[in-house]
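Worksheet: one structure, shown below.
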Amino acid sequence: MRIAFYAPLKSPTHGTPSGDRRVAGLLMDALRLAGLRVELASTFRSFDREGDAARQHALRRQGEALAAALAADYRARPAEQRPALWFTYHLYYKAPDWLGPAVCAELGIPYVVAEASHAGKRAQGAWALGHEATSEAIRRAALLISPSRDDIAGLEALVEPARILYLPPFLDVEPYAHARRQRDELRARLAAEHALDADAAWLVVAAMMRVGDKLASYRALAAALGAHRDRRWQLLVAGDGPAHAAVEESFAQAGISAHVRLLGALPARRLAELYAACDLAPWPAVNEAYGMALLEAQAAGVPVVSSRTRGVPDVVVDGRTGVLVPYGDGTALGEAVRRLIEQPEERRALGAEAARFVAANRSIGAAAQALSTALGRL
């Protein structure tokens, strides 16, 4: 079966690394692993950050024209080369899908959406156009795949529960398991390269440095760790971006710059190696949908300290693969980090269970099987 794949917020071929691009790529890989032929339908980006009504209307016109052209192109193909199903990833009021519903209506094929969110409070305001388009797309979908239980109630306001499939975040665990088996060698190399104390607890963060929620998380983390700067730990940060200077300033203000090593953006293999060499992954998760970096850390055997918010509990099992604290409670976050710094046996036990949990419950193979079954029914 041939599938047309589309991501209106950010194409999997987009030049800027992000969790969103990563998840889109993983979904395409899982669909291929399920034996489906996946074709990227378009790189058209419908995202409007500012709430600019004129821009949104222009994007709608562009999208409608592109949808008509796509439908015509598909119709001109031999039957076996046409998509049998359209699959849209990440649909919400700032990035509506102007392509999928129209193409599906023209071709008479099922419309499937992964990671859609709906909030009635967006019906009025600067993104009302995108909200209405997203609501209509959700209503039309033959299947809605939700990676977070937190989004399901909003979807059930528009469709019956039978059309919703809960499929938690997943990844290819092998690169992380491979890195974990080389932990001692990787740790020794990093210690030499960055003048690290090999006997201290190593904390790891992997996040882009962007103004907004990511910067807010960095600032909250700096404040939480600043209260425990007298302990023996070091923070290794993988990530870069336009807020780099502001992130550095937050560490300086918290008095922890001496504890921090900024490693810049790392490719996937190096990132897996970094996780595996470390001991703990703390992240406040300010407005985080669920946090792919938290899943990656656990796959490498690193326990997480984060917040009990949105989809984070779909990724981190409190008390089993890490520790979740009340959202926005920086003191609790810092205390949980301090406790695990001082309790290496607990830290290692959580990390071992984290790796087992991800391998058993969050693998790309399990996701491929779930997708194959659900899409086969359509």
Side chain [X], main chain [Y], donor-acceptor under 3.5 Å:
X	Y	result
Arg229	Ala258	no
Trp202	Asp197	yes
Tyr89	Ser11	no
Ser250	Val247	yes
Ser307	Pro326	no
Arg2	Gln81	yes
Trp233	His228	yes
Arg21	Pro12	no
Arg362	Val315	no
Arg163	Leu143	no

Taking all non-hydrogen atoms of both residues, which atom of [X] and which atom of [Y] are closest, and how far apart?
X	Y	answer
Trp86	Cys104	CB-SG, 3.3 Å
Leu190	Ala277	CD1-CB, 3.6 Å
Ala370	Leu167	CB-CD1, 3.9 Å
Ser148	Gly311	OG-CA, 3.4 Å
Gly330	Ala224	O-CB, 3.5 Å
Tyr275	Ala300	CB-CB, 3.6 Å

Practice item. Evaluate salt bridge (charged side-chain N to carboxylate O under 4.0 Å, His left out) for Glu174 paired with Arg181, printing each intermediate quantity in order. Key: CA-CA 11 Å; Glu174 179 50 37; Arg181 292 190 290 269; 3.1 Å; yes

Would you mind checking if [Y] and [X] are paired as a salt bridge, meaning a charged N to carboxylate O distance below 4.0 Å?
X	Y	result
Arg210	Asp240	no
Glu273	Arg269	yes
Asp48	Arg55	yes
Arg22	Glu296	yes
Glu80	Arg37	no
Asp230	Arg338	no
Arg77	Glu39	yes
Arg339	Glu346	yes

Look up atom [atom1] in [X] and atom [atom2] in [Y], then write down how far apart they are to the nearest 0.5 Å.
X	Y	atom1	atom2	value
Thr43	His14	OG1	NE2	9.5 Å
Tyr74	Leu107	OH	CG	8.0 Å
Leu378	Tyr111	CG	OH	13.5 Å

Polar contact flag, side-chain donor to acceptor under 3.5 angstrom, [X]-[Y]:
X	Y	result
Gln298	Thr321	yes
Asp151	Ser146	no
Gln369	Thr373	yes

Are any non-hydrogen side-chain atoms of [X] and [Y] less than 4.5 angstrom apart?
X	Y	value
Leu263	Leu236	yes
Pro147	Asp314	no
Leu165	Leu144	no
Arg261	Val237	no
Leu203	Leu225	yes
Tyr176	Val358	no
Gln56	Trp127	yes
Val304	Val323	no

Point to revise | Aromatic contact, Tyr218 with Trp283 (centres under 6.0 Å) | key: yes

Practice item. Tell me whether the centres of the aromatic rings in Tyr92 and His90 are closer together than 6.0 Å. Key: yes

Exercise for review: Go through the steps for Arg61 and Glu64 under the test salt bridge (charged side-chain N to carboxylate O under 4.0 Å, His left out), then give the verdict.
Suggested key: CA-CA 5 Å; Arg61 289 191 296 271; Glu64 289 170 347; over 6 Å; no

Are more than 12 heavy atoms, taken from residues, nucleotides or ligands other than [X], located less than 6.0 Å from that residue's [atom1] atom?
X	atom1	result
Glu160	CD	yes
Arg270	CZ	no
His194	NE2	yes

Exercise for review: Give the intermediate values and the outcome of salt bridge (charged side-chain N to carboxylate O under 4.0 Å, His left out) for residues Arg32 and Asp29.
Suggested key: CA-CA 5 Å; Arg32 292 185 178 112; Asp29 289 344; 3.8 Å; yes

Practice item. Can you sort out the partners of Arg310 under salt bridge (Lys or Arg N to Asp or Glu O under 4.0 Å), two or more places apart, ordered by chain and number? Key: none

Point to revise | Residue list, salt bridge (Lys or Arg N to Asp or Glu O under 4.0 Å) with Glu136, at least two apart or on another chain | key: Arg139, Arg140

Practice item. Could you go through the salt bridge (charged side-chain N to carboxylate O under 4.0 Å, His left out) check for Arg183 and Asp279 one step at a time? Key: CA-CA 10 Å; Arg183 172 183 161 84; Asp279 301 297; 2.8 Å; yes

Check your understanding: Could you go step by step and tell me if Arg308 and Tyr327 meet the side-chain hydrogen bond (donor to acceptor under 3.5 Å, both in side chains) rule?
Key -> CA-CA 6 Å; Arg308 196 177 295 108; Tyr327 184 62; over 6 Å; no

